[in-house]
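Inspection log for the structure reproduced underneath, given as structure tokens.
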Amino acid sequence: MNIPQHVAIIMDGNGRWAKKQNKPRSYGHFVGTDNVRNIALKANELGVKVLTLYAFSTENWKRPKEEIDYLMSLPAVFFDKFLKELMEKNIRIETIGDLSALPIKTINVIHKAIEKTKNNNGLTLVFALNYGGRNDIVQAVNEIIKNGSITSITEQDITNNISTKNYPDVDLMIRTSLDYRISNFLLWQISYTEFIFTDCYWPDFNGDMFLKAIEEYSNRQRRFGGLL
Ligand code: IPE
Ligand code: IPE
Ligand code: MG
């Protein structure tokens, strides 16, 4: 099987999953957070190098304060439960997005996890938090300007200054819950990404389904504009 080096997932449908069983949206987020562990372990087992998970977009600030507050409390819940296991499995935690807008408690919890796992060399598990694809490109351009090159820039300049500069391009992007859109996730990074949309809500998306997605990816022909 041809294992993708970098998989990105838009973890969507927590709210609809909860609604289906007459539970509050927060319950969907809670179970969805537990599911991050399952998919990260599966990705690690399969030899995926980078798994980038869309956890909170720059547009998600439009949601009710109560829901935002709950979402911001989840990193602590997740790392309390699973950091030990992630360490044992040699998984490294990183983030993309502007963390500075998050509550200080949330930032501290995340920084601790990053610091603790920084020498692990299995899967790199990247949480996209307060992340927007357009913002990412603008941030990269600003970085280039700051470094003095303002007359003309190349594609490579953007690639070298964007948040994912240390990762390979995204090979496969999965979106759960049957919405067929990118919702401002990685934009620069998906020029030749393969897409899989599934009707499964994120809390129900399990390791077997992840494996199936990898198998489907593995059977696709990527031409990158050329001929085979
Ligand atoms: C994804 O689930 C989690 C976040 C966006 C934080 P949603 O909360 O978007 O769930 P739906 O799309 O309303 O079902
Ligand atoms: C995308 O889901 C963001 C995350 C999964 C974090 P949304 O639920 O915010 O996307 P839209 O609003 O349906 O496009
Ligand atoms: Mg949604």
Side-chain angles (χ1 to χ4, degrees), residues 6-40 43 50-79 81-82 93-103 105-107 109-110 113 125-139 162-164 167 170 172-190 193 195-206 209-210 213:
H6 188 169
V7 180
I9 306 182
I10 302 177
M11 308 184 288
D12 198 18
N14 291 347
R16 279 164 281 177
W17 181 87
K19 194 172 175 205
K20 207 177 64 182
Q21 43 203 307
N22 290 314
K23 294 268 173 49
R25 292 178 58 83
S26 57
Y27 183 64
H29 294 315
F30 179 77
V31 178
T33 301
D34 268 3
N35 197 37
V36 166
R37 170 214 175 245
N38 303 331
I39 302 305
V50 183
L51 176 66
T52 301
L53 301 178
Y54 207 6
F56 194 87
S57 75
T58 48
E59 287 72 37
N60 286 147
W61 297 108
K62 293 177 188 164
R63 295 192 179 193
K65 184 178 182 308
E66 198 191 358
E67 179 164 346
I68 294 172
D69 288 348
Y70 185 71
L71 288 168
M72 292 300 158
S73 74
L74 287 173
V77 172
F78 178 78
F79 290 122
K81 268 198 210 167
F82 301 127
I93 304 296
E94 295 190 350
T95 63
I96 54 174
D98 180 10
L99 256 56
S100 71
L102 271 45
K105 270 192 190 163
T106 311
I107 297 174
V109 159
I110 295 165
L125 176 58
V126 184
F127 289 98
L129 283 160
N130 190 20
Y131 178 88
R134 287 190 168 182
N135 177 267
D136 200 5
I137 296 169
V138 168
Q139 173 281 123
I162 208 152
S163 63
T164 51
Y167 315 137
V170 178
L172 169 64
M173 185 178 281
I174 300 168
R175 182 172 188 143
T176 58
S177 302
L178 278 187
D179 279 317
Y180 305 102
R181 53 178 174 261
I182 301 300
S183 303
N184 201 18
F185 197 21
L186 308 159
L187 298 178
W188 180 261
Q189 297 87 343
I190 57 170
T193 294
F195 287 91
I196 291 180
F197 295 92
T198 148
D199 60 358
C200 180
Y201 295 139
W202 172 252
D204 284 335
F205 186 75
N206 62 30
M209 294 174 190
F210 184 76

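Predicted, not measured: the structure shown is a model, and the values here were computed from it. One-based numbering, in listed order, for ligands and for the atoms of each.
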Which heavy atom of F205 sits nearest a heavy atom of I39, and at what distance?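 Where F205 meets I39 most closely, the heavy atoms are O-CD1, 3.5 Å.
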
Using a strict cut-off of 4.0 Å, indicate which atoms of ligand 1 neighbour a heavy atom of [X].
{"X": "R16", "result": "11 (P), 12 (O), 14 (O)"}
{"X": "D12", "result": "1 (C), 2 (O), 7 (P), 9 (O), 10 (O), 11 (P), 12 (O)"}
{"X": "H29", "result": "3 (C), 8 (O)"}
{"X": "A55", "result": "6 (C)"}
{"X": "R25", "result": "7 (P), 8 (O), 10 (O), 13 (O)"}

How is the N/O/S atom of D12 that comes nearest to the Mg ion (ligand 3) named?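 Looking only at N, O and S atoms of D12, the one nearest the Mg ion (ligand 3) is named OD1.
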
By number and element, which atoms of ligand 2 are closer than 4.0 Å to a non-hydrogen atom of F56?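 Reading through ligand 2 atom by atom, the close ones are 6 (C).
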
Near R63, which atoms of ligand 2 are under 4.0 Å from a heavy atom of that residue?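 Near R63, the atoms of ligand 2 are 7 (P), 8 (O), 9 (O).
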
Would you say S183 and ligand 2 have an N/O pair spaced under 3.5 Å apart?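 So ligand 2 has an N or O lying under 3.5 Å from an N or O of S183.
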
Are any of the N or O atoms of N14 closer than 3.5 Å to those of ligand 1?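 Min N/O separation from ligand 1 is below 3.5 Å for N14.
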
Check this for me: K20, atom NZ, are more than 12 non-hydrogen atoms of other residues, nucleotides or ligands nearer than 6.0 Å?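 Atom NZ in K20 is packed in, count exceeds 12.
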
Heavy atoms of other groups near R134 CZ, more than 12 under 6.0 Å: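 Count not over threshold, so no.
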
At what distance is the nearest protein heavy atom to [atom], and which residue and atom is it?
{"atom": "atom 10 (O) of ligand 1", "value": "G15 N, 2.9 Å"}
{"atom": "atom 9 (O) of ligand 2", "value": "N60 ND2, 2.9 Å"}
{"atom": "atom 1 (C) of ligand 1", "value": "M11 O, 3.0 Å"}

Please check this pair: side chain of Y54 against backbone of S183, looking for a donor-acceptor N/O pair closer than 3.5 Å.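 Yes; at least one donor-acceptor contact below 3.5 Å.
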
Ignoring hydrogens and geometry, is there a side-chain-to-backbone donor-acceptor pair from D136 to G133 under 3.5 Å?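 Between the backbone of G133 and the side chain of D136 there is no qualifying donor-acceptor contact (under 3.5 Å).
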
Rounded at 0.5 Å granularity, tell me how far [atom1] in [X] sits from [atom2] in [Y].
{"X": "L187", "Y": "I137", "atom1": "CG", "atom2": "CD1", "result": "5.0 Å"}
{"X": "F127", "Y": "F56", "atom1": "CZ", "atom2": "CZ", "result": "15.0 Å"}
{"X": "M11", "Y": "H29", "atom1": "CE", "atom2": "NE2", "result": "10.5 Å"}
{"X": "D179", "Y": "F197", "atom1": "CG", "atom2": "CZ", "result": "9.5 Å"}

Counting heavy atoms only, which of R181, R175, E59 is nearest atom 2 (O) of ligand 2?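 Ranked by closest heavy atom to atom 2 (O) of ligand 2, first place is R175.
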
Sub-4.0 Å heavy-atom approach of S177 to ligand 1: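 Distance cut 4.0 Å: S177 fails for ligand 1.
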
Any chance you could lay out the side-chain hydrogen bond (donor to acceptor under 3.5 Å, both in side chains) test for Q139 and D98, step after step, and finish with the verdict? CA-CA 10 Å; Q139 173 281 123; D98 180 10; over 6 Å; no

Indicate whether atom 14 (O) of ligand 2 is within a distance of less than 4.0 angstrom of some protein heavy atom.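 Yes, there is a protein heavy atom closer to it than 4.0 Å.
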
